[in-house]
Amino acid sequence: MSAEADVRTLPDTVPPQVPIRVQNPAALDDALVRRLLRHAVVGARPVLHDTVAPFTGERATTLPISTEADVEHAFAMSRRAQRAWAQRTPRERARVLLRFHDLVLAQQAEVMDVAQIETGKARRDAYEELADCALTSRHYARVGPRMLSSERHLGVFPVLTRATLHHHAKGVVGIISPWNYPISLAVTDALPALLAGNGVVLRPDLQTTVTALRMVDLLVEAGLPEGLMNVVIGDGPHIGPHVVERADYVMFTGSTRVGRDIARRCGERLIACSLELGGKNAVVVRADADLERSAEIAERASFANAGQLCIGTERVLVHESIVDDFLRLFLARVEALRLVPYVGWGAGMGSLVSARQLEKVSHHVDDAVAKGARVLTGGQPLPDVGPFYYAPTVLADVTAEMAVCREETFGPVASVYTFRTDDDAVAMANDTEYGLNGAVLTRDTRAGLALARRIHAGTVNVNEAYGATWGSISAPMGGMKDSGLGRRHGVEGLMKYTEPQTVAVQSLIGFGSPFGRTDEQWAGLMTTAFKALKTLRVK
Ligand code: NAD
């Protein structure tokens, strides 16, 4: 499958929107699925569930569903394996991540085939996720061991108090991941958790379980002990709470609505969680922006993964003086996107993942049109291309009472607004409950950087829409406001999976007043010592 897939590229002669007739695999290979299921915990006679391949609307595969007892079993196995794993040094654990980096790149074609079949995404979108896995594993393998090593700290009495900070693993981390970026989200949050010495129980979205199993398979091939990372299979509302109930830490990626529920459950158990939630991100195109480049960036940001990208763009804010020129270039690019249900390279935009997603996108556009929005291009489903395809759509005259204005659409729909001053642009970009990502496009980098700092979002890109921050793995990434809690990537993305422990040794002088001295005399001595330490700048 993989050798053939490596060279599979759409011929240029295929028109932009071909009717649905996928000539290459639309269903998953049953033997492959059976082999990968060894990483999942399911009972002897499980309930079965058919998943649908978005390119065709036909069966992708049949999956066994885990029960609550299976979740219990998965945690027990991870806990057992975790004890030995935590005994290894961070450097030994990092070697697994480095081998995983190589395997992901070497076996990319097969991984992307599975992800395309399960999600209906274009190959170029699958590659972005794959690259994220390679970058994240290499980054944490290189810098993580040092972050995890024990540190000496200046104690209360220098020399006499020796304090050391240790970073212990939390235990077993529960990861609940969505369907939109299944290659990356199945493992990139697990990699730092594993490096820190934890076990992992992963509940990937039911629709994209096989992609997740394939990634766990690569980790095991890279040397991860069997049983340390276990997959449980099922839909979120049923199986998710069982995972949260047993985890020592929860990493969730999904909607704000579900994120709140997870946070409440974690709060009751007094365990911490990290939540990567929704967004309503804006790209600001200043009057001095390079228009060709801006049109390319806005098109990619709005239609990457058919708009099902949390850090993608749903609002394009354009300076009023350039809006006509920008739109000419932007719309030309959008209309040239190739929409072809094809497992391989060549499509510009893929399908939506499901009928539910198609329904939501259609509802947002229809509601906007009914309330007076103008469709500049697109605006309807494309059943002739594939059952869940929706045309890349650009709207104008969008107003606050339309759902598309404030709610996350999570589809291929960009609304164009105009602004007059930088202050207007900042106010418009910030006029949302979300705060995930933002972008400023300008030839004046200094002005762009100044504007970026005023946008209330966890990541802001200048002259790019999401790739620059996403790919900068050593810096944290995540949401402000309703877009989340905690961060992935950077120091934060690793250390959140640890319990800090301070151990201090006290020598000679103790904390009680020495024999023969009153408490007052003792306090006087201490006060003199504190002042001396400040004067000498020891502390
Ligand atoms: P969703 O919240 O409905 O589902 C997300 C995942 O949570 C699914 O796999 C689902 O099965 C599971 N789930 C549902 N109910 C659950 C429960 N009660 N307990 C535990 N798990 C449960 O969101 P969706 O619409 O399927 O996914 C898209 C959303 O994810 C968007 O809002 C998008 O912005 C967000 N997202 C955010 C990021 C990020 O990094 N910030 C990345 C990708 C997606």
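Only a predicted model underlies this, so the values are computations on that prediction, with no experimental measurement involved. We count ligands from 1, going down the list as the structure has it; atoms in each ligand are counted the same way.
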Considering only heavy atoms, which of [options] lies nearest to [atom]?
atom: atom 25 (O) of ligand 1; options: His238, Lys360, Arg356, Arg265; result: Arg356
atom: atom 42 (C) of ligand 1; options: Pro237, Gly234, Cys310, Pro178; result: Cys310
atom: atom 14 (C) of ligand 1; options: Pro241, Ser184, Gly236; result: Gly236
atom: atom 1 (P) of ligand 1; options: Ser255, Gly484, Gly458; result: Ser255

Under the 4.0 Å line, does any protein heavy atom show up next to atom 4 (O) of ligand 1?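 No.
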Proximity to ligand 1 by part of [X], non-hydrogen separation under 4.0 Å:
X: Leu436; value: side chain
X: Ser483; value: neither
X: Ile262; value: side chain

Identify the protein heavy atom lying closest to [atom], giving its residue, its atom name and the separation to 0.1 Å.
atom: atom 43 (C) of ligand 1; result: Asn180 ND2, 3.2 Å
atom: atom 27 (O) of ligand 1; result: Trp179 NE1, 3.7 Å
atom: atom 41 (N) of ligand 1; result: Leu277 O, 2.8 Å
atom: atom 8 (C) of ligand 1; result: Asp205 OD2, 3.1 Å

Pairs flagged by side-chain hydrogen bond (donor to acceptor under 3.5 Å, both in side chains) wherever residues 275-285 is involved - sequence neighbours left out: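 Those involving residues 275-285 are Lys280-Glu314.
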Checking Arg488 against Thr253: is there a side-chain donor and acceptor pair closer than 3.5 Å? yes
Counterpart residues, side chain to side chain contact (heavy atoms under 4.5 Å, CB included), relative to Leu441 (two or more places apart):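 Partners of Leu441 under the side chain to side chain contact (heavy atoms under 4.5 Å, CB included) test: Val283, Val285, Ala289, Ser294, Ile297, Asn463.
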With heavy atoms of [X] as the reference, note each atom of ligand 1 found under 4.0 Å away.
X: Ile176; result: 20 (C), 21 (N)
X: Gly240; result: 19 (N), 20 (C)
X: Asp261; result: 18 (N)

In Å and rounded to the nearest 0.5 Å, what is the OG1 to CG distance from Thr469 to Asn437?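 Thr469 OG1 to Asn437 CG: 5.0 Å, rounded to 0.5 Å.
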